[in-house]
Amino acid sequence: APKQVAPATPDVAQGGLIDRLTSARAAFDAGKFAEAAAGFASVEDDFGKNPEATKAIASHRAPHAMAMARAGDAAAALPAIDAAMLVPETTPPDREGLAYLKGLMLLKLERWAEARTALQGYFDNPAHPRQRRLEALLLVGTCYQKEGDLAGAAKFFKNAAGRIRKAEP
């Protein structure tokens with residue numbers, strides 16, 4: 001009898017792809033972000049090369065990136081956020097949340113100029129929730145301060161009032 005070789009990736013049904021994604025999502029929804037991130041990563045490790053799993057995995061890229069960010073892993077979250085933004089399955093509400101988290105992760109990594117650009121872009125999108133837009137605007141000014149550009153921060157905050165008024169619904 002010919003020798004059987006195990007497949008390179010687990011079978012989607014036998015490997016419990018949907019059950020594992022559901023479990024990772026439940027951890028995410030329960031605020032267990034480190035557990036969720038590990039669960040999503042495990043699924044990607046086990047099924048990432050399986051073409052039958054591609055769509056299911058893609059539909060969970062956004063919560064995976066958000067879980068990494070909320071678990072505090074900014075360095076790993078940034079490329080995951082960028083990847084999730086490229087996936088067509090990422091919903092508009094998830095795109096909004098990812099855009100905001102990208103700015104926060106850049107802040108956490110003290111990449112002030114990049115954070116300022118990301119947060120300014122977030123603020124400039126009128127489709128984003130007003131409260132978060134205003135938070136992003138204040139964080140833009142904070143970036144100037146963190147860079148040691150106190151004159152830039154003062155000028156930014158002086159002009160921010162007008163921008164806030166323009167952001168009114």
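Contact of the F47 side chain with the R20 side chain is registered, since non-hydrogen atoms from C-beta on lie closer than 4.5 Å. Proximity of Y122 to L104: side-chain heavy atoms (C-beta onward) are nowhere separated by under 4.5 Å.
S42 places no side-chain N or O within 3.5 Å of a backbone atom of A38 that could act as its donor or acceptor partner. Within the 3.5 Å criterion, the main-chain N or O of A84 finds a donor-acceptor partner in the side chain of T90.
Ring geometry for H60 against F40 counts as tilted: the plane angle lies between 30° and 60°, on a 0 to 90° scale.
Remark: R132 CZ to L134 CG distance equals 12.5 Å, nearest 0.5 Å. Atom CD of E135 and atom OG1 of T142 lie 11.5 Å apart (nearest 0.5 Å). Taking CZ from R133 and CG from D124, the interatomic distance works out to 7.5 Å, rounded to the nearest 0.5 Å. Separating the OH atom in Y144 from the CG atom in L150 is a distance of 13.0 Å, to the nearest 0.5 Å. For the atom pair F123 CZ and R130 CZ, the distance stands at 9.0 Å (nearest 0.5 Å). The structure places CZ of F156 at 9.5 Å from CZ of R116, a figure rounded to the nearest 0.5 Å.
Heavy-atom minimum distance, A153 versus Q145: CB-N, 3.9 Å. Taking both residues in full, the closest heavy atoms of P79 and A76 are given as CD-O, 3.4 Å, listed atom of the first, atom of the second, then distance. Contact between L119 and C143 at its shortest, heavy atoms only, is CD1-SG, 4.5 Å. Taking all atoms of both residues into account, the shortest heavy-atom contact from A24 to G39 is CB-C, 4.0 Å. Across all their heavy atoms, L17 and A53 have their closest contact at CD2-CB, 3.7 Å. For A160 against L137, the heavy-atom pair with the smallest separation is O-CD2, 4.1 Å.
Residues meeting the salt bridge (charged side-chain N to carboxylate O under 4.0 Å, His left out) test with E110, sequence neighbours left out: none.
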Please lay out, stage by stage, how D94 and M66 fare under the test side-chain contact (heavy atoms from CB on, under 4.5 Å). CA-CA 9 Å; D94 283 347; M66 289 184 218; 3.3 Å; yes
Practice task
Given side-chain contact (heavy atoms from CB on, under 4.5 Å), test D73 with F33 step by step and report yes or no.
Solution key: CA-CA 10 Å; D73 192 352; F33 300 120; over 6 Å; no
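Checking each of M68, K108, R111 against L78 for a side-chain contact (heavy atoms from CB on, under 4.5 Å) leaves exactly one that passes, namely R111.
One finds a salt bridge joining E44 and R61 here, because a Lys/Arg side-chain nitrogen approaches an Asp/Glu carboxylate oxygen to under 4.0 Å.
V87 and F28 fall into different hydrophobic clusters, where Ile, Leu, Val, Met, Phe, Trp and Tyr side chains are chained together by heavy-atom contacts under 4.5 Å.
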